[in-house]
Amino acid sequence: MTTAADPSIAQEFVRFAVQTGVLRFGEFRTKAGRSSPYFFDAGRFDDGAKLGRLAEFYARRLAASGLQFDMLFGPAYKGIPLAATLAVALAARGRSAPFSYNRKEAKDHGEGGTLVGARPSGRILIVDDVISAGTSVRESIALLQAAGATPVAVLVSLDRQEQATDGGRDVPWSAMQYVQRELGLQPLAIATLEDLLAVLRDSADPALAAHAGPVQAYRERYGV
């Protein structure tokens, strides 16, 4: 299972996501067709202050992991600003890490190709927001290996800790477990669904605490 480095960091991140409206509660339809009582929308990290603080959370999680890596890779599209801002946060901490990202469509002029930024080499950390089915990770692995690099880990904001789907059916493992077991990468997350539940249960705000029951029920039905 994927765990956050430190419960206090993870729960601080959850509270930040709630305060910024990135983490919302209600009734939402997931890609798997499930009715979820919460929704994590990384697209709402939409200004410099939010992105800067988000990058710090990524940097803190990465530092706590002890992961050895040579460069960062951001899958299109949401992974692109995440890898870029994490590179800035790491530079502020004294580690200047190169990064690259991909285009959805190959460019046939200028520098050409699908990869942009530093030439992929060595051990690569893939940076993204969440993983639903592992499709973008598989595509990233293929691109990076074709370039001669070695993907070693994937770092995301939130591990939903729920069953993935395969061909429309539920499977008894999560997307992050799939990343580890089938793709051979180390899975890292700033926070997990368990961290989210801990924040809801301990909240002094009755309106926020009221969401603990529905989220727990969802975890019991679809969790791994």
Side-chain angles (χ1 to χ4, degrees), residues 1-32 34-46 50-51 53-62 64-65 67 74-75 77-83 85-86 89 125-137 140 153-165 173-180 185-203 208 211-212 214-224:
M1 293 294 290
T2 307
T3 57
D6 182 326
S8 63
I9 295 174
Q11 291 174 28
E12 180 185 348
F13 173 72
V14 170
R15 288 190 289 270
F16 167 60
V18 171
Q19 290 164 1
T20 54
V22 169
L23 188 56
R24 291 179 283 156
F25 301 94
E27 187 173 336
F28 306 93
R29 186 67 56 182
T30 69
K31 288 182 180 179
R34 299 167 183 162
S35 178
S36 173
Y38 75 98
F39 179 55
F40 185 86
D41 183 6
R44 288 183 173 241
F45 290 117
D46 54 9
K50 293 174 191 173
L51 270 177
R53 192 168 178 203
L54 175 62
E56 268 302 305
F57 278 112
Y58 272 96
R60 289 164 67 185
R61 178 63 182 103
L62 184 54
S65 74
L67 179 75
Y77 290 102
K78 288 183 180 177
I80 296 173
L82 295 176
T85 53
L86 174 55
L125 169 63
I126 299 169
V127 186
D128 215 337
D129 59 341
V130 295
I131 295 176
S132 298
T135 304
S136 68
V137 178
S140 297
V154 58
L155 172 59
V156 300
S157 301
L158 180 70
D159 178 3
R160 290 179 59 98
Q161 295 182 302
E162 69 179 72
Q163 293 173 308
T165 57
W173 58 81
S174 72
M176 290 292 274
Q177 287 174 328
Y178 174 80
V179 162
Q180 183 175 35
L185 305 187
Q186 181 177 343
L188 302 170
I190 300 172
T192 68
L193 184 55
E194 286 298 328
D195 298 309
L196 168 56
L197 277 166
V199 170
L200 296 179
R201 294 188 191 111
D202 295 341
S203 177
L208 188 59
H211 297 296
V215 173
Q216 179 62 43
Y218 186 83
R219 175 91 170 99
E220 291 172 359
R221 182 172 182 182
Y222 296 114
V224 294

If you compare all heavy atoms of [X] against all heavy atoms of [Y], which two are closest, and at what distance to 0.1 Å?
X: F40; Y: A17; answer: CE1-CB, 4.2 Å
X: E56; Y: A89; answer: OE2-CB, 3.9 Å
X: S36; Y: Y218; answer: CA-CE1, 3.7 Å
X: F13; Y: A191; answer: CD2-CB, 3.9 Å
X: S35; Y: E27; answer: OG-CG, 3.2 Å
X: R34; Y: A164; answer: NH2-O, 3.9 Å

Just do the salt bridge (Lys or Arg N to Asp or Glu O under 4.0 Å) check on R53 and E12 with the steps written out, would you?
CA-CA 11 Å; R53 192 168 178 203; E12 180 185 348; 3.5 Å; yes

Report the C-alpha distance between Q180 and L185 in whole Å, list the side-chain angles of each, state the deciding distance to 0.1 Å, and finish with yes or no for side-chain contact (heavy atoms from CB on, under 4.5 Å).
CA-CA 5 Å; Q180 183 175 35; L185 305 187; over 6 Å; no

Does some side-chain heavy atom of [Y] sit less than 4.5 Å from a side-chain heavy atom of [X]?
X: V179; Y: I131; answer: yes
X: I80; Y: L82; answer: no
X: R44; Y: K50; answer: no
X: L158; Y: V156; answer: no
X: D159; Y: P187; answer: no

[atom2] on [Y] to [atom1] on [X], rounded to 0.5 Å:
X: Q11; Y: D195; atom1: CD; atom2: CG; value: 6.0 Å
X: D202; Y: L208; atom1: CG; atom2: CG; value: 10.5 Å
X: L67; Y: L155; atom1: CG; atom2: CG; value: 9.0 Å
X: I126; Y: S140; atom1: CD1; atom2: OG; value: 4.5 Å
X: R219; Y: L197; atom1: CZ; atom2: CG; value: 7.5 Å

Can you sort out the partners of F25 under ring pair (Phe, Tyr, Trp, His ring centres under 6.0 Å), two or more places apart, ordered by chain and number?
H211

With distance as the sole test, does S203 use its side chain to make a donor-acceptor pair with the main-chain N or O of L200 at under 3.5 Å?
no

Do Y58 side-chain atoms and S157 backbone N/O form a donor-acceptor pair below 3.5 Å?
yes

Are D41 and R24 close enough for a salt bridge, meaning some N to O gap below 4.0 Å?
yes

F16 ring center within less than 6.0 Å of F45 ring center:
yes

Answer yes or no on whether R160 is positioned over the face of Y38, meaning its NZ or CZ is under 6.0 Å from the six-membered ring centre and within 45° of the axis.
yes

D128 and S136: CA distance, side-chain angles, deciding distance, side-chain contact (heavy atoms from CB on, under 4.5 Å) verdict
CA-CA 9 Å; D128 215 337; S136 68; 3.5 Å; yes

Worked verdict on Y222 versus Q161 for side-chain hydrogen bond (donor to acceptor under 3.5 Å, both in side chains)
CA-CA 8 Å; Y222 296 114; Q161 295 182 302; over 6 Å; no

Please determine whether side-chain contact (heavy atoms from CB on, under 4.5 Å) holds for the pair E162 and R221, giving the CA-CA distance in whole Å, both sets of side-chain angles, and the decisive distance to 0.1 Å.
CA-CA 9 Å; E162 69 179 72; R221 182 172 182 182; over 6 Å; no

Please determine whether side-chain contact (heavy atoms from CB on, under 4.5 Å) holds for the pair L188 and V154, giving the CA-CA distance in whole Å, both sets of side-chain angles, and the decisive distance to 0.1 Å.
CA-CA 6 Å; L188 302 170; V154 58; over 6 Å; no

